[in-house]
Amino acid sequence: MVKATSKADLYRKLPAVDDLVHSPRLASLVLDDGLPAATDAARAALSRLRTEISEGRLDSAGVDLALSGIVDAVERHARQMLSHSLRSVINATGVILHTNLGRAPLGASAVEHMGEVSTTFSNLEFDIASGERGKRDEHVDRLFRKLLNESLSPDENRSGKISTIVVNNNAAAVLLVLNTLAEGGEVLVSRGELVEIGGSFRIPDVMLKSQAVLREVGTTKRTRLSDYESALNEKTRLLLRVHRSNFQITGFTERPRVEDLAELARQRNIPLFEDLGSGVLVDLQSFGVSGEPSVLDSLRAGVDLVSYSGDKLLGGPQAGILSGRSDLIARMRTNSLFRALRVDKLTYAGLEATLLAYVKRNYAAVPVLRMMSLSKAEIAARAQAVAQTVQSSQLSLQMQDGESLIGGGAAPSATLPTRLLAISHRNLSANELAARLRGSDPPIVARVEESRVLIDLRTVGPEQDESVAHALQLLGGGRLEE
Ligand SMILES: *Cc1c(COP(=O)(O)O)cnc(C)c1O
């Protein structure tokens with residue numbers, strides 16, 4: 001019988017933390033990440049060994065084996081502890097606005113401007129000319145005025161000047177409007193527009209929090225102007241219209257034209273507010289997308305106030321934007337909720353640079369617009385090039401027609417024709433293959449459909465094509481052609 005080594009003997013085999021961290025093979029870790037972090041990692045690796053000894057899972061030979069790999073273990077701990085949790089992924093789903101994948105990627109000029117004004121002090125709330133206090137919203141309001149006011153004819157711009165303010169997200173914008181204009185009163189909304197976005201934004205819940213009372217009119221399929229008319233009473237403060245951004249009601253449906261609702265609102269002297277969801281500032285028709293109302297369409301139709309997200313079709317940072325009648329916007333500004341929902345200089349900087357691209361009509365500088373504008377032929381050529389790089393007997397790569405989605409609470413039916421790479425693996429199911437792709441560095445997120453993995457390069461940056469080809473090559477077990 002082999003004499004069992006006592007646990008005390010086993011513990012004695014372990015090096016001291018200080019000795020371990022100063023071992024020559026950890027010198028580069030100490031140099032890169034600093035002594036405190038390297039010490040933490042060494043302590044974690046040793047503590048793991050101590051636990052295994054105390055639980056009786058290691059004998060003398062086991063401890064020796066573990067110690068031979070202790071340096072690697074320390075490095076592993078350091079990597080786990082010090083790497084970012086939030087990381088870049090390749091979106092190969094073809095869904096342009098994917099809420100789980102961070103919605104709109106920012107353009108280079110937005111990121112550059114954010115870096116520039118956030119690493120130094122800035123004139124966020126400072127008027128450089130007068131040396132006095134300024135307003136943070138001035139930085140983007142001037143651009144919204146240019147993009148919105150100047151496009152409206154004096155006749156369309158009935159309400160006078162259009163002003164814009166920015167809050168944290170569109171949900172916050174809706175809350176601010178309902179609370180400012182309808183606290184203690186009633187808001188009329190069609191039963192066909194009681195939307196829920198991503199499970200956490202539900203019109204009835206936001207209404208409750210705003211202290212306004214929701215008054216549903218019409219039915220889910222049909223709501224007529226007369227339904228609003230008969231529900232109007234002395235407690236009505238606001239007419240609300242919500243863009244059905246993530247669902248469609250098909251069949252015989254009916255709802256009043258925005259113009260008619262606006263006319264009714266004007267007659268009764270009650271503001272009409274539209275929650276647009278996605279903030280479209282260009283004519284999407286030219287991108288092959290129809291039926292998605294733009295901010296200008298709504299203002300032209302006589303809507304008093306519209307709200308929309310900064311990070312949907314507008315293609316900027318997360319924000320909730322409120323554009324509309326200056327007198328109503330002025331009331332939002334004085335609500336203490338506005339202060340609670342305000343955004344940081346980073347958001348203003350990202351938004352300002354994104355809006356400047358619109359002012360210059362440089363739509364290619366806005367990534368979501370650039371992705372929308374790609375033709376099927378351009379995508380097919382890139383997919384072909386990726387397929388040709390991959391040499392593997394394990395993988396089968398085929399090209400097939402398909403559709404990209406706008407997504408993200410914008411135009412639920414809006415799709416764009418695309419060319420997909422359909423991939424299957426000899427020994428892996430489609431779900432397993434998709435999981436391996438997510439395990440790539442950077443992770444690649446693709447669609448799975450009918451036992452194949454589908455890759456849509458519309459949402460992949462052209463500079464990322466190589467990473468996709470590389471990951472596929474590795475998965476296919478083949479060698480890489482340099
Ligand atoms: C997306 C969306 C919202 C929520 O916007 P966030 O910016 O995510 O807060 C609200 N209403 C509609 C109609 C939407 O499409």
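Every heavy atom of this structure was used, including side-chain atoms; hydrogens, water molecules and symmetry mates were not. When a ligand or atom number is given, it counts from 1 through the structure's own listing order. Everything numeric here is computed off the predicted structure, so don't read it as measured data.
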Would you give the length of the straight line joining atom OG of S122 to atom NE2 of H113, rounded to the nearest 0.5 angstrom? 9.0 Å
Got an N/O contact under 3.5 Å between A319 and ligand 1?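 N/O-N/O distance below 3.5 Å does not exist for this pair.
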Examine H243 against ligand 1 and note whether any of their N/O atoms are separated by less than 3.5 Å.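 The answer is no, given that H243 and ligand 1 share no N or O pair closer than 3.5 Å.
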Taking 4.0 angstrom as the limit and counting only heavy atoms of [X], give me the atoms of ligand 1 inside it, by number and element.
{"X": "G277", "result": "12 (C), 13 (C), 14 (C), 15 (O)"}
{"X": "A171", "result": "5 (O), 6 (P), 9 (O)"}
{"X": "R103", "result": "6 (P), 7 (O), 8 (O)"}
{"X": "S309", "result": "5 (O), 6 (P), 7 (O)"}

Side-chain contact test, heavy atoms from C-beta onward, threshold under 4.5 Å: evaluate it for K235 versus R215 and give yes or no.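 K235 does not reach R215 side chain to side chain.
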What do the steps show when you test D401 against K376 for salt bridge (Lys or Arg N to Asp or Glu O under 4.0 Å), and what is the final call? CA-CA 9 Å; D401 282 349; K376 182 171 144 186; 3.2 Å; yes
Side-chain donor-acceptor contacts of residues 354-368 below 3.5 Å, not counting sequence neighbours, with atom names and distances?
{"residue": "T354", "atom": "OG1", "partner": "G350", "partner atom": "O", "Å": "2.7"}
{"residue": "Y358", "atom": "OH", "partner": "L314", "partner atom": "O", "Å": "2.9"}
{"residue": "R361", "atom": "NH1", "partner": "V359", "partner atom": "O", "Å": "2.8"}

Hey, is R325 close enough to D327 for a salt bridge, meaning N to O under 4.0 Å? yes
Considering only heavy atoms, does K312 approach ligand 1 within less than 4.0 Å through its side chain, its backbone, both, or neither? side chain
Looking at ligand 1, does R241 have a heavy atom less than 4.0 Å from it? no
So does H98 get a backbone contact from the side chain of R103, meaning a donor-acceptor N/O pair under 3.5 Å? no
